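In what follows, every heavy atom counts, from backbone to side chain, and hydrogens, waters and symmetry copies are set aside. Here the structure is a predicted model, which is why all the values come from computation and not from measurement.
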Amino acid sequence: MSRKLVRRLLQRTLPRHCLITDPVALKPYETDGLTAIRQPPWLVALPETESQVAAVLRICREHAVPVVPRGAGTGLSGGARPVEGGVVVGLSRLNKILEVDLDNCVACLQPGVRNLAISEAVAEHGLYYAPDPSSQIACSIGGNVAENSGGVHCLKYGLTVHNVVGLKVLMMTGEVLHLGGRGQELDGYDLLALMCGSEGMLGVVTEVWVKLLPVPPVKKVLLAAFAQVSAAAAAVSEIITAGLIPAGLEMMDRLAIQAAEAYVHAGYPLDAQAILLCELDGVAQEVEADAALVERLLRDLGAIDVQIADDPQAQARLWLGRKAAFPAVGRLAPDYYCMDGTIPRYRLAEVLQQIESLSVEYKLRVANVFHAGDGNLHPLILYDADIPGELEKAEAMGGRILELCVAAGGTITGEHGVGVEKLDQMCVQFNSDELEQFERLKAAFDPAGIANPGKAIPTLTRCAEIGGMHVHNGKLPFRNLERF
Amino acid sequence: MADRDISDELQESIAQARDAGVSVAIAGSGSKEFLVHSDTETTQSRLLSVAEHTGVVAYRPAELVITARAGTPLRELAALLARANQMLPFEPPLFRGMGTLGGAIASGLAGSGRPWRGSVRDAVLGVVMINGLGQKLTFGGQVMKNVAGYDVSRLQVGAFGTLGVLLEISIRVIPKPASEMTLKLELDCLESLSKMREWARKPLPITASCYHDNMLYVRLSGAETAVLAGASETGGEIAGDLNWWDKLNDHDLPFFKEPGSLLRQMSPPAQELVNDACVLEWSGAKRWFYGDESEYHGTGTKLFGAGFAQVAVSSPAADPVRGDVQRRIKQAFDPDNVLNPELLRANEAA
């Protein structure tokens, strides 16, 4: 490939302000939300129309140039990290809500539409879009599809895959794939589900149809404090065994509680080892009945304090500490590393204990703030990147935590994706036959392998190298970030 | 419940078939044979029965997840879940009481609660399967959230075994509602559709709705007080038949036994009716009527039971790009066309 030629072709295709070539202007695109991993991009294209996207993809295809699709750049696994010699295709300027179809309760969006903007646009009709990743104010729907994003309300309302009903995909072969739309069911293979969480490796999404739900008329939030982490974990199981599906069921441990309290003064009990936040929503009678049951369960299970918030103000106060937890923990140390493993709920207490042991072993503090209802852990490993070796230590410990999750019957990523971050742990979760199946599946969409190469699925060579070292050292080494 | 693991034999059978250059026709209980029209006599495929591969591998009610072998009868699964006050969210048809879990996943047919409780694929969390190369593969898992690797598990739903023989499936289950009530309102087809759409935009505890024979049926589920409050909003009188929804899902209502070609229309729920001698489900998104398929070209209307291949690939309305992509995916999982090739071949033009 001639770099000069491709650059000239892109310059001819896109308006001047839609192609970034200046090293200073390229700087913000070196990384996504996983800022520890950087790679200077060669070129960044910021098309404003679908036909410009198609034109950029065609040039890249004809010259075998890798394409890295990018949304708002809030991803936490390095999925939008540039690839050496590749073009970053930012979709943030395709940000129009193309249609709101109130009769069918669906909306059609361009990929750059922000998650929260969807709910804002339909609020006047009493409708909303359910998935709410914590970055919802900034993250865009195209990125949500790529990562199959979750949020605090997944337990009841599902992930992105459960709320997207149609897609238009520009494939790397030049084909255009139309999937679903206003209706509810597709014949043939479920390509819509396959696209969700495919991390930009199967094609570039240019239209997204989402389901709109009626806003639940009533909400209640309960906060329960526990003197033991195990009691809080048991309460999570009891609530679900009782037949309740809370809209959200979140847990924070002592370090996270103290950090949040010092930061925003939400009124969390400082003597607690763990707190649970339980949000119930629905029709008034349902919420009343469920809240009474949850309160009784929490007290029976030894909660040392239960607070109930009925009005939006009191609810916002209870949520405040949880929502501010990440920045609050960020004040405890110069840097933190956010993990994303999922485990079966019944192993919560045990895995949290094992994480505590790792924290002692690595001499790094860990705060836990997570989606307990889904078993989706977010251990935040505190470290100081200015101390030589500390980042590597944090990464090594993070890798060990993910392996704990796999050993407990869980997975290395619940909602943040694999990206470049968890490639080595993919070798732990999948064997070579499974990884090769993934590769063949990708080739069905992208035979030239130019869509976001090097992400999400590790090569067998990489896994073999790790496997070799694994035997030699008796434990997995931390990943080599600079491998490609 | 019978507990038997024949995955090694199944793997061996596929390897042998592949070596011998013949294909296999995957079968469970046979309850949905009418959907695929696979005729082993004429296609020379070897019958591969997974009906003996049965049993629950893991079930902890507090996890809201059950993992079972593909041949496990749905009826037994439902009984086990009911003991813990739980159920399959997608209410699969049993068809003469026979259906298996593997068949429910492979066909992807969901019952009347689908718009509210999710589709079959919405509930699938993980699978163990054998691909056309005879490799035993595990995708997804037993947890609610899992984005590691491509979603190969959900890709199996509705694929009718053309990408792999399902061995084990992990499913998200839901609690049974504390109370439930079915109401009926005397309305015609058009009035019913507009009522369904009106309800869809309101926060009501509805979990099913159906128009049939000048009557609109609606099911309300949840806390008793919530169901009663919902009933005062929907109106209608209590329907006596407690098994009405099961009969609808299993096609046991007289409507489904009429002579003629039964057509199924998957449509945007608010779209105008193309035939008002119909049954409406899913808040208007699924419609049944009788007629000649060719008269409904472009409306999402297909002959029910026309078979996967006709529905997905060969029908005139099928999208050629999707057809090509599907064949390439088939190729990726089953390059030698060992698995149910009558339904879809990897290397054949539409």
Side-chain angles (χ1 to χ4, degrees), chain A residues 103-105 126 147-148 150 154 158-159 162 175-178 182-185 187-191 193-194 196-198 214 216-217 237 240-241 243 245 283 285-286 289 342-346 374-376 409-415 417-418 426 429-430 433-434 437-438 440-441 443-444 457, chain B residues 60-64 85 115 118-119 121-122 131 135 137-139 141-152 154-155 157-159 174-175 178 197 200-205 222-223 225-226 229-230 266-270 282 285 300 311-313 319 321-322 325-326 328-329 331-333:
Chain A
D103 290 336
N104 291 301
C105 295
E147 301 298 324
N148 191 13
C154 298
L159 301 151
H162 301 106
E175 295 159 301
V176 181
L177 195 54
H178 294 268
R182 281 171 238 268
Q184 276 183 332
E185 206 86 335
D187 291 317
Y189 294 153
D190 198 334
L191 306 183
L194 184 63
C196 291
S198 61
S237 285
I240 287 160
T241 307
I245 305 286
V283 295
Q285 297 80 0
E286 187 83 53
T342 302
I343 55 167
R345 276 180 295 259
Y346 75 100
D374 306 306
N376 186 192
T411 174
I412 59 170
T413 174
E415 57 183 4
V418 174
M426 284 291 283
Q429 188 158 342
F430 295 99
D433 286 348
E434 289 152 0
Q437 184 63 77
F438 284 143
R440 289 196 302 273
L441 180 55
I457 311 293
Chain B
R60 286 171 187 269
E63 296 300 306
L64 295 177
N85 244 334
S119 62
R121 65 95 145 146
D122 284 348
N131 65 8
Q135 296 167 325
L137 309 171
T138 301
F139 297 104
Q142 288 81 46
V143 289
M144 294 290 155
K145 288 160 97 176
N146 185 353
V147 292
Y150 301 120
D151 200 340
V152 174
R154 291 195 171 100
L155 186 61
V157 178
I174 56 172
R197 295 318 302 158
R201 283 171 52 187
K202 288 186 182 169
L204 289 165
T225 47
M266 296 297 196
S267 113
W282 296 4
V311 168
V313 183
D319 168 354
V321 173
R322 255 179 69 200
V325 173
Q326 294 193 119
R328 300 198 304 252
I329 292 173
Q331 171 92 34
F333 282 85

Based on non-hydrogen pairs under 4.5 Å, which of [options] is most in contact with chain B?
| options | result |
| --- | --- |
| A:Gly150, A:Ser198, A:Gly197 | A:Ser198 |
| A:Asn104, A:Asp190, A:Thr411 | A:Asn104 |
| A:Leu159, A:Thr413, A:Ile412 | A:Thr413 |
| A:Asp103, A:Asp433, A:Val283, A:Val418 | A:Asp433 |
| A:Gln437, A:Glu175, A:His162 | A:Gln437 |

Would you compute the distance between atom [atom1] of [X] and atom [atom2] of [Y] and round it to the nearest 0.5 angstrom?
| X | Y | atom1 | atom2 | result |
| --- | --- | --- | --- | --- |
| A:Leu194 | B:Arg154 | CG | CZ | 11.5 Å |
| B:Gln142 | A:Thr342 | CD | OG1 | 12.5 Å |
| B:Lys145 | A:Cys154 | NZ | SG | 4.0 Å |

Under the ring-ring contact (aromatic ring centres under 6.0 Å, His included) test, residues paired with B:Tyr150 that sit two or more places apart: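 Checked B:Tyr150 against ring-ring contact (aromatic ring centres under 6.0 Å, His included); matches are A:Phe438.
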
Please check this pair: side chain of [X] against backbone of [Y], looking for a donor-acceptor N/O pair closer than 3.5 Å.
| X | Y | answer |
| --- | --- | --- |
| A:Glu434 | B:Thr138 | yes |
| B:Glu63 | A:Arg345 | yes |
| A:Gln285 | B:Ala223 | no |

Heavy-atom distance under 4.5 Å to chain B: side chain of [X], backbone, both or neither?
| X | result |
| --- | --- |
| A:Ala193 | both |
| A:Gln429 | side chain |
| A:Ile457 | side chain |
| A:Asp374 | both |

Do you know which of [options] has the most heavy-atom pairs with chain A at a distance under 4.5 angstrom?
| options | value |
| --- | --- |
| B:Gln135, B:Met144, B:Gln331 | B:Gln135 |
| B:Gly149, B:Pro61, B:Ala229 | B:Gly149 |
| B:Asn131, B:Val157, B:Asn146 | B:Asn146 |
| B:Pro203, B:Gly230, B:Gly300, B:Pro205 | B:Pro203 |
| B:Leu155, B:Asp151, B:Val325, B:Val143 | B:Val143 |

Atom CZ of B:Arg60 with >12 non-hydrogen neighbours under 6.0 angstrom: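 Check fails, neighbour count at 12 or below.
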
Distance-minimising heavy-atom pair for B:Arg197 and A:Cys105: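 Scanning both residues, the minimum pair turns out to be NH2-SG, 4.0 Å.
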
Closest contact, heavy atoms only, B:Ala148 versus A:Met426: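 Answer, listing the atom of B:Ala148 first, then A:Met426: CB-SD, 3.9 Å.
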
pair A:His178-B:Val321: side-chain heavy atoms closer than 4.5 Å: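 No, every pair of side-chain atoms sits at 4.5 Å or beyond.
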
Heavy-atom contact with chain A under 4.5 Å, split by part of B:Arg121: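 Looking at B:Arg121, just its side chain touches chain A.
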
Contacts of B:Ala62 that satisfy side-chain contact (heavy atoms from CB on, under 4.5 Å) - sequence neighbours left out: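 Result, side-chain contact (heavy atoms from CB on, under 4.5 Å) vs B:Ala62: A:Ser237, A:Thr241.
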
